[in-house]
J.: 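Here it is, the structure in full.
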Amino acid sequence: MLDTKEFVNKLYDEGYTHLCVVPCSFAKNLINASINNNDKLEYVPCASEAVACSIAAGMKMSGMRPIVIVQSSGLTNMGSCITSMLKPYEITFPIIVSWRTYKSGDSEIQHEHLATKLPDLVSAYGYEHTLLDNENLGNAIKQITVSESARIILLLQKNTFTTVKLDDEFKLDLSELPLRSSYLKYLGNVFNSSDYIFIGTTGNTAREMYSYMPNTDNVYMAGNMGGALSLGLGMAKSGNKIIVCGGDAEFVMHMGGMTTAGRYNDSELNLVYILFDNQSNKSTGGQRSYQEHLDYIGLAKSSGLSVSDKIIRDNKSFEIEIKDAIANGGISFMHVKCSYDPETPRPPLAVVKRNSIIKGS
Ligand SMILES: Cc1ncc(C[n+]2csc(CCOP(=O)(O)OP(=O)(O)O)c2C)c(N)n1
């Protein structure tokens, strides 16, 4: 393993200035070390990998020294930036991609394809790939400096970095807010014999739905981060009644989906997006999403969704608002603040695969 604090210090000594990141649990300790030492190596949390890549390109063009860190599924989001910006404009900087693996029978089906095809994808982008050395820190730093000016993508394996806890001053305190499970249990009780279909997003929302609302008709969207509202729109357009249980990081990843959805907000449709906002990426290690500057309700409203003006922070308000959203029809949006539940198990493969069953109207 690499000593994470030393690694960050060495990157700083080499002149690196920023880590442009969409979190992955493989990079959790590196992200924590960067946040703890933000004056040395600035942590730039990004809504999507496309955003991370473009910011890094701009930084490099302006004389800064960024490093991009994303997970394998996110490398696909960077495709346009890599092939139509980095390549033709000959911009290079280190790109570290965590290589998610897959075991047969595992329910993390979002990683199955790239578990074997990641090198082919890297090659199709016109890059070579190298495994980041996870034993020799000096060599790992050298690999990074080489990739500064070459088309090489560094692949990060699990357990490469030693444990670094986030300093207390950077930790979130959500203790005043209801647990997400309290809202989910309510949905589970009210909708258990209804014709509503629930979509759970990648991250912990889907996992918690499996534990806390087992008797509703649930689609567990293990991957496709950022696509839940659009998936819901597609399903709702054929007459299905849909409620999406989303997360704050998933919500912003492809926020353009909301501007498209707003065009279809009419009473024929039944679609509710509930943004369960725990201000963090719970499932990848609890990194803050740093999105407190966002007025989610204002964004949804100006995109054309039906919203109530209230940020929901308690169960009673939640019950009133979800009833209203259902009664009014159209496409509704709810911003619900919540705190952390203990870890719950992932839905098993057979349950996740039910996603592929066509749900007719
Ligand atoms: C394209 C892509 N990039 C990154 C990830 C890694 N990832 C999985 S879940 C997640 C964070 C989800 O956070 P949020 O939506 O707020 O839900 P929470 O886990 O907090 O409930 C991330 C970054 C991914 N699955 N796909």
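Counting starts at 1 for both ligands and their atoms, in listed order. None of the values given here were measured: they were computed from a predicted structure.
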J.: Report the distance from atom CG of L19 to atom CG of L41, rounding to the nearest 0.5 Å.
T.: 4.0 Å
J.: Would one find more than 12 heavy atoms of other residues, nucleotides or ligands at under 6.0 Å from atom CD of E292?
T.: yes
J.: When you look for protein heavy atoms under 4.0 Å from ligand 1, which residues do they belong to?
T.: V22, P23, E49, Q71, S73, G74, N77, R180, T202, G203, N204, T205, M225, G247, D248, A249, E250, M253, N278, S280, N281, K282, S283, T284
J.: Side-chain donor-acceptor contacts of residues 48-60 below 3.5 Å, not counting sequence neighbours, with atom names and distances?
T.:
{"from": "S48", "atom 1": "OG", "to": "A50", "atom 2": "N", "distance (Å)": "3.3"}
{"from": "S48", "atom 1": "OG", "to": "V51", "atom 2": "N", "distance (Å)": "3.2"}
{"from": "E49", "atom 1": "OE1", "to": "N77", "atom 2": "ND2", "distance (Å)": "2.9"}
{"from": "S54", "atom 1": "OG", "to": "A50", "atom 2": "O", "distance (Å)": "3.2"}
{"from": "K60", "atom 1": "NZ", "to": "T92", "atom 2": "O", "distance (Å)": "2.5"}
{"from": "K60", "atom 1": "NZ", "to": "E148", "atom 2": "O", "distance (Å)": "3.4"}
{"from": "K60", "atom 1": "NZ", "to": "E148", "atom 2": "OE2", "distance (Å)": "2.9"}

J.: Side-chain contact test, heavy atoms from C-beta onward, threshold under 4.5 Å: evaluate it for T216 versus L187 and give yes or no.
T.: no
J.: Could you verify whether a donor N or O on one side chain and an acceptor N or O on the other, from T101 and K158, lie under 3.5 Å apart?
T.: no
J.: Report yes if the side chains of F333 and H335 come closer than 4.5 Å at any heavy-atom pair, otherwise no.
T.: yes
